2 protein chains.
Amino acid sequence: MFSKATEYALRATIYIAQKSSEEHKLGIDEIANAIDSPKSFTAKILQVLTRDNHIISSVRGPNGGFFLTQKSKKLPARSILLAMGDEDILEKCVLGLKQCSEIQPCPMHAQYKSIRKQLKELFMTKTIGQLATEIKDGVVFISNQ
Amino acid sequence: MFSKATEYALRATIYIAQKSSEEHKLGIDEIANAIDSPKSFTAKILQVLTRDNHIISSVRGPNGGFFLTQKSKKLPARSILLAMGDEDILEKCVLGLKQCSEIQPCPMHAQYKSIRKQLKELFMTKTIGQLATEIKDGVVFISNQ
DNA sequence: ACAATAAAAGATATTTTTGTCTTTTATTAT
DNA sequence: ATAATAAAAGACAAAAATATCTTTTATTGT
Ligand code: FES
Ligand code: FES
């Protein structure tokens with residue numbers, strides 16, 4: 001479905017949202033370990049989410065690390081897909097045709113458009129904060145073991 | 001969603017199902033042109049679908065080419081995903097966790113499982129022949145222009 | 001000021017995916 | 001038999017995705 005980079009981005013952001021605050025920031029080691037992802041590669045991804053997209057916040061130096069603001073927690077999960085350049089899955093033709101339209105629909109269009117709509121709805125309505133909260137509540141998990 | 005290879009595989013197979021018969025086979029040039037895909041790359045893909053998976057049939061030499069048997073037309077679209085090794089999208093966790101289960105569900109599991117189920121249902125119930133027939137009827141298209 | 005810390009930045013490596021080109025083999029029509 | 005045809009097979013190339021390692025910069029506590 002998504003690229004490895006996007007998967008790590010989603011997992012990392014949700015994890016940071018769950019565990020961090022402006023007072024308690026998280027280091028890359030803890031994050032990569034928690035979500036079971038390659039450390040340096042994850043660092044690159046967090047850089048993009050931080051520097052280019054301001055979804056994650058970060059501070060260097062002692063007691064530094066990554067954290068999410070309350071504002072960022074209100075962002076929809078889709079904003080992570082947008083940041084990673086992986087949001088076209090919510091729009092494009094399942095058979096890879098250049099454009100998906102009612103005028104020249106592909107043989108799967110009629111059924112697929114409803115599925116894609118639900119997927120888009122999921123990523124547009126669920127916020128990063130909501131996804132994180134469910135982990136805090138212990139009903140869902142983000143660990144890989 | 002799918003790899004380029006799988007997209008070409010789906011489009012090519014549906015196209016062949018629509019236009020070919022045991023008496024009228026299709027050449028790789030016509031197929032690649034019709035579905036707007038790189039010729040040699042598509043040839044490799046058709047080779048896999050033919051040699052390894054027997055979804056497509058082929059004959060070499062003059063008046064040779066690719067075609068689909070009636071039996072193959074009854075195969076579900078999912079069989080193409082299986083042949084291309086791209087079927088795990090119908091099974092795996094949307095966040096890329098090693099296993100998707102009710103015991104340790106990810107924060108998106110509850111909503112996503114229903115979407116994934118519909119996607120799986122689509123690829124399991126729609127046959128290659130059905131997808132091709134709709135093109136023949138002129139209600140849907142597989143061209144890219 | 002200084003040393004320690006942790007992210008940012010940059011360079012490089014590996015693997016996978018995508019794509020092309022050439023040669024070979026099977027089949028058919030003449 | 002021979003030549004033409006078209007897929008099969010194999011080698012190779014380019015691009016993108018994934019991953020690692022090193023150096024630099026900002027920040028903080030002493
Ligand atoms: S045209 Fe293929 S999904 Fe809409
Ligand atoms: S655990 Fe993530 S979709 Fe089921």
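What you are looking at is a predicted structure, and each value in this text was computed from that prediction instead of being measured. In what follows, chains carry the letters A, B, and so on, assigned in the order in which the sequence lines appear, proteins first and then strands, with residues in each chain numbered from 1.
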Inspect the contact between [Y] and [X] and indicate whether a charged nitrogen and a carboxylate oxygen are less than 4.0 angstrom apart.
{"X": "B:Asp36", "Y": "B:Arg11", "value": "no"}
{"X": "A:Glu30", "Y": "A:Lys25", "value": "no"}
{"X": "B:Glu91", "Y": "B:Arg116", "value": "no"}

Would you classify [X] as touching base, sugar-phosphate or nothing, given that sugar-phosphate means primed atoms plus P, OP1 and OP2, and contacts are heavy atoms under 4.0 Å?
{"X": "B:Leu46", "answer": "nothing"}
{"X": "B:Ser40", "answer": "base"}
{"X": "B:Lys44", "answer": "base"}
{"X": "B:Leu26", "answer": "sugar-phosphate"}

How close or far is atom [atom2] of [N] from atom [atom1] of [X], stated in whole angstroms?
{"X": "B:Asp29", "N": "C:dT20", "atom1": "CG", "atom2": "C1'", "value": "14 Å"}
{"X": "B:Lys4", "N": "C:dG19", "atom1": "NZ", "atom2": "C1'", "value": "13 Å"}
{"X": "A:Tyr8", "N": "D:dT18", "atom1": "OH", "atom2": "P", "value": "8 Å"}
{"X": "B:Phe66", "N": "D:dA6", "atom1": "CZ", "atom2": "P", "value": "12 Å"}
{"X": "A:Met84", "N": "D:dT18", "atom1": "CE", "atom2": "C1'", "value": "11 Å"}
{"X": "B:Glu7", "N": "C:dT17", "atom1": "CD", "atom2": "P", "value": "14 Å"}

Inter-axis angle, terminal five-pair segments of the helix from C:dA1-D:dT30 to C:dT30-D:dA1 [nearest 10°]: 10°
Most 5' of B:Gly27 and A:Gly61 on DNA chain D, judged by nearest nucleotide: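 Its nucleotide being nearer the 5' end, the pick is B:Gly27.
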Below 4.0 Å: OP1/OP2 of C:dA9 and any side-chain N or O of A:Arg51: yes
Donor on one side chain, acceptor on other, A:Glu102 and A:His109, under 3.5 Å: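 The criterion, which ignores hydrogens and geometry beyond distance, is satisfied for A:His109 and A:Glu102.
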No-hydrogen, no-angle side-chain donor-acceptor test under 3.5 Å, A:Thr42 and A:Ser37: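 Their side chains do contain a donor-acceptor pair, which is all the 3.5 Å distance test asks for.
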Reference residue B:Ser114; test side-chain hydrogen bond (donor to acceptor under 3.5 Å, both in side chains); the match among B:Gln118, B:Lys117, B:Gln111: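 With B:Ser114 as partner, side-chain hydrogen bond (donor to acceptor under 3.5 Å, both in side chains) holds for just one option, B:Gln118.
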